[in-house]
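Per chain, numbering begins at 1; letters A, B, ... match sequence-line order. What you see below is based on every heavy atom in this structure, not just the backbone, and it leaves out hydrogens, waters and symmetry mates.
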Amino acid sequence: MRLSRYFMPTLREAPADAQIVSHQLMLRAGMVRQEAAGIYAWLPLGLRVLKKIEQVVREEMDRAGAIEILMPTIQLADLWKESGRYDDYGDEMLRILDRGQRELLFGPTAEEVVTDIFRSYVKSYKDLPKNLYNIQWKFRDERRPRFGVMRGREFLMKDAYSFDADEAGARKSYNRMFLAYLNVYARLGLKAVPVKADPGPIGGDLSHEFMILADTGESQVFAHRDLVEMGAPGPDIDWDGDLGPEVARRTSLYAASDEMHDAARFEAMPEDKRMTARGIEVGHIFYFGTKYSAPMKALVTGPDGKDTPVQMGSYGVGVSRLVAAIIEASHDANGIIWPAAAAPFGAVVLNLRAGDAAVDAVCEQAYAALTAAGIDPLYDDRDDRPGAKFAAADLVGIPWQLIVGPKGVAEGVVELKNRATGERQTVPLDAALKAITG
RNA sequence: CGGAGUGUGGCUCAGUCUGGUAGAGCACCGCGUUCGGGACGCGGGGGUCGCAGGUUCAAAUCCUGCCACUCCGACCA
């Protein structure tokens, strides 16, 4: 993409409304524009990042055996009356009447819809397990939206729903999501800690929140250091095998956020293993049994010929929140530092003397080579001063900066800067391209 | 929903106390000089001062009401 033809409205100063660093940087980098409290338009750069994250989530869901669908944003109130939640949900639900005075709502989540889909088609235990997910906009009319897209009213969520014949099966489904989530966050360059969450009325131990560590997080996290440092399981696990031991390895070590914190257990750990940090909740997985399947009569016939409500779980990732969370976890005084998997562009070519034939030629060559290599480069071909280009490149946080100036070109070299480390090397173009393309 | 604050050009803000012809920096347009960390000079365009009422010869400024946004708290699959 040539910057001269792109739409990337960067700001030198952050709008006063933005209080936290991710919000400030998203506005300065021209990623989003606020349209109302907690409601944002996604500009080209922000949309690219959103889609990158979405794709990582999608790939890890698919790998773990979940199947993508797309449910509507607008839902029928009748379904929520069936589950009993229409009245319970309160003012956070945005309720709508259509022209026929039918009660509709903008979905804050999709248990009812997915349960309705499931019950319409699946009747036998032989068709289980199933895990259906979608990545769709949700709306929750928060009393106080804040912190940009971190806590918006409209937000993009990946929500998956598992269906199993019995509790043992549900636990397997849960374990798959548990490990898949760790892989998602690891791919996005984040340190994620699964903490025990309030399981709600169902009880049991099958509810975890995933907190990523960032100094500006909303919650306090207490965890065993070994758990934080353990790393993700990686893609090469046997998703159809017994994931119990792998999950147990990660849930046996202490980890809790403030509301579930057990100070006594924490203090019992060796001091050098105790870790407290700030965290941002970016995922929540949940087993809730027949909470929806029973009232909504999502029944499957078992081997004994009897109908029983299907066992369900739900698994949410805040995709749009992750955009902000990554920035909170990865930035410096000059701007955003994108991990490769979330970066809007793989590299940026900085033409320090647009209009100079020799410099233009090297830039074009670099741009073409990076494009051909699938790096999806941004080319800053604007007629602007070097300082402005450096500042913009740092601000938007693209992993590699390929800096092409007249002096270097005369000597047959370019400069390659790594945004994350700040490391620079002055090398021939070929070497720089090789470094970027791996 | 309780408490606090803020609304002045695209952005950051001054001006409001003490009423008297709407300002600065950045951004934008033109010309020129520049060109390795957000350049400089000259010239230029852009604002019903959140909205509605009221007071006054005169309102960004004083009064009343409303709206929006932000922060703290409560709330939060």
Worksheet item: When all nucleic acid strands are considered with a 4.0 Å heavy-atom cut-off, which category describes Gly316(A): base, sugar-phosphate, or nothing?
Response: nothing
Worksheet item: Considering only heavy atoms and no angle criterion, is a donor-acceptor pair shorter than 3.5 Å present between the side chain of Glu13(A) and the base of G38(B)?
Response: no
Discussion item. Tell me if a side-chain donor or acceptor on Arg119(A) pairs with a main-chain N or O of Ser293(A) at a distance below 3.5 Å.
Written reply: no
Practice prompt. Any strand is fair game: report the nucleotide pairing with G73(B) by Watson-Crick or G-U wobble, both distances under 3.5 Å, or none.
Written response: C1(B)
Practice prompt. May I have the distance from Glu35(A) (atom CD) to U70(B) (atom C1'), rounded to whole angstrom?
Written response: 17 Å
Practice prompt. Name the closest nucleotide to the Arg12(A) side chain, picking from G38(B), C75(B), C69(B).
Written response: G38(B)
Fill in: Of the listed nucleotides G38(B), C72(B), C35(B), the one nearest the side chain of Pro386(A)
C35(B)
Worksheet entry | Comparing Ile20(A) and Gln401(A) on RNA chain B - which has the more 5′ nearest nucleotide | Gln401(A)
Worksheet item: Is the phosphate of C72(B), meaning OP1 or OP2, less than 4.0 Å from a side-chain N or O of Gln19(A)?
Response: no
Response to the item:
Rounded to whole Å, the CZ-C1' distance (Arg143(A) to C71(B)) equals 17 Å
Worksheet item: In Watson-Crick or G-U wobble terms, both distances under 3.5 Å, what is the partner of G30(B)?
Response: C42(B)
Worksheet item: In Watson-Crick or G-U wobble terms, both distances under 3.5 Å, what is the partner of A68(B)?
Response: U6(B)
Item to complete: Mind calculating the distance between NZ (Lys407(A)) and P (G37(B)) to the nearest angstrom?
Response: 8 Å
Discussion item. Taking any heavy-atom pair under 4.0 Å as a contact, classify Arg144(A): base, sugar-phosphate, or nothing.
Written reply: base
Item to complete: Determine, step by step, whether Phe118(A) and Phe163(A) satisfy the ring-ring contact (aromatic ring centres under 6.0 Å, His included) criterion, reporting the C-alpha distance in whole Å, the side-chain angles of both residues, the deciding distance to 0.1 Å, and the verdict.
Response: CA-CA 9 Å; Phe118(A) 179 87; Phe163(A) 302 88; 4.0 Å; yes
Worksheet entry | Length of the CG-C1' vector between Asp384(A) and C35(B), whole Å | 10 Å
Discussion item. Given C35(B), C13(B), C69(B), identify the nucleotide with an atom nearest to the side chain of Gln34(A).
Written reply: C69(B)
Discussion item. Applying a 4.0 Å non-hydrogen cut-off, can you work out what Ile285(A) is touching in the nucleic acid: base, sugar-phosphate, or nothing?
Written reply: nothing
Practice prompt. Using atom CE of Met150(A) as one end and atom C1' of U70(B) as the other, report the distance to the nearest whole Å.
Written response: 16 Å
Discussion item. Can you work out whether Asp17(A) or Ser314(A) has the more 5'-proximal nearest nucleotide on RNA chain B?
Written reply: Asp17(A)
Item to complete: Tell me what Lys417(A) touches on the nucleic acid: a base, only sugar-phosphate, or nothing, going by heavy atoms under 4.0 Å.
Response: base
Discussion item. Can you tell me if Arg385(A) touches the phosphate of A39(B), counting only side-chain N or O atoms and a distance under 4.0 Å to OP1 or OP2?
Written reply: yes
Fill in: Geometric cation-pi criterion, Arg265(A) with Phe222(A): 6.0 Å, 45°
no
Worksheet item: Touch check for Tyr315(A), heavy atoms < 4.0 angstrom, all strands: base, sugar-phosphate only, or nothing?
Response: nothing
Worksheet, complete the sentence: Among the nucleotides A39(B), G73(B), G38(B), whichever has the atom closest to the side chain of Thr10(A) is G38(B)
Practice prompt. Under 4.0 Å between any heavy atoms, over every strand shown, what does Arg28(A) touch: base, sugar-phosphate, or nothing? Just pick one.
Written response: base
Item to complete: Name the nucleic acid region contacted by Ala18(A), choosing base, sugar-phosphate or nothing; use a 4.0 angstrom heavy-atom cut-off, strictly under.
Response: nothing
Worksheet item: In whole angstroms, how far is the C1' atom of C1(B) from the CD atom of Glu142(A)?
Response: 14 Å
Item to complete: Please report, rounded to the nearest Å, how far the P atom of G37(B) is from the CG atom of Asp332(A).
Response: 18 Å
Discussion item. With a 6.0 Å cut-off on the ring centroids, do Tyr6(A) and Phe345(A) count as close?
Written reply: yes
Item to complete: Using a heavy-atom cut-off of under 4.0 Å over every strand shown, decide if Asn334(A) touches base, sugar-phosphate, or nothing.
Response: nothing
Item to complete: Taking only the side-chain heavy atoms of Ala37(A) (C-beta and beyond), determine which of G38(B), C71(B), C69(B) contains the nearest atom.
Response: C69(B)
Worksheet item: Can you check whether Met1(A)'s main-chain N or O pairs, donor with acceptor, with Tyr367(A)'s side chain at less than 3.5 Å?
Response: yes
Worksheet item: Any idea which of A27(B), A74(B), U12(B) is nearest the Pro15(A) side chain?
Response: U12(B)
Worksheet item: In whole angstroms, how far is the C1' atom of U12(B) from the CG atom of Leu27(A)?
Response: 13 Å
Discussion item. Just checking Glu35(A): does its CD atom have more than 12 heavy atoms from other residues, nucleotides or ligands closer to it than 6.0 angstrom?
Written reply: yes
Worksheet item: Does any N or O donor sit under 3.5 Å from an N or O acceptor when you compare the side chain of Arg424(A) with the base of G37(B)?
Response: yes
Discussion item. Counting neighbours of CZ on Arg171(A) that are heavy atoms of other residues, nucleotides or ligands and sit closer than 6.0 Å, is the number greater than 12?
Written reply: no
Worksheet item: Under 4.0 angstrom, heavy atoms only, what part of the nucleic acid is Tyr292(A) near: base, sugar-phosphate, or nothing?
Response: base
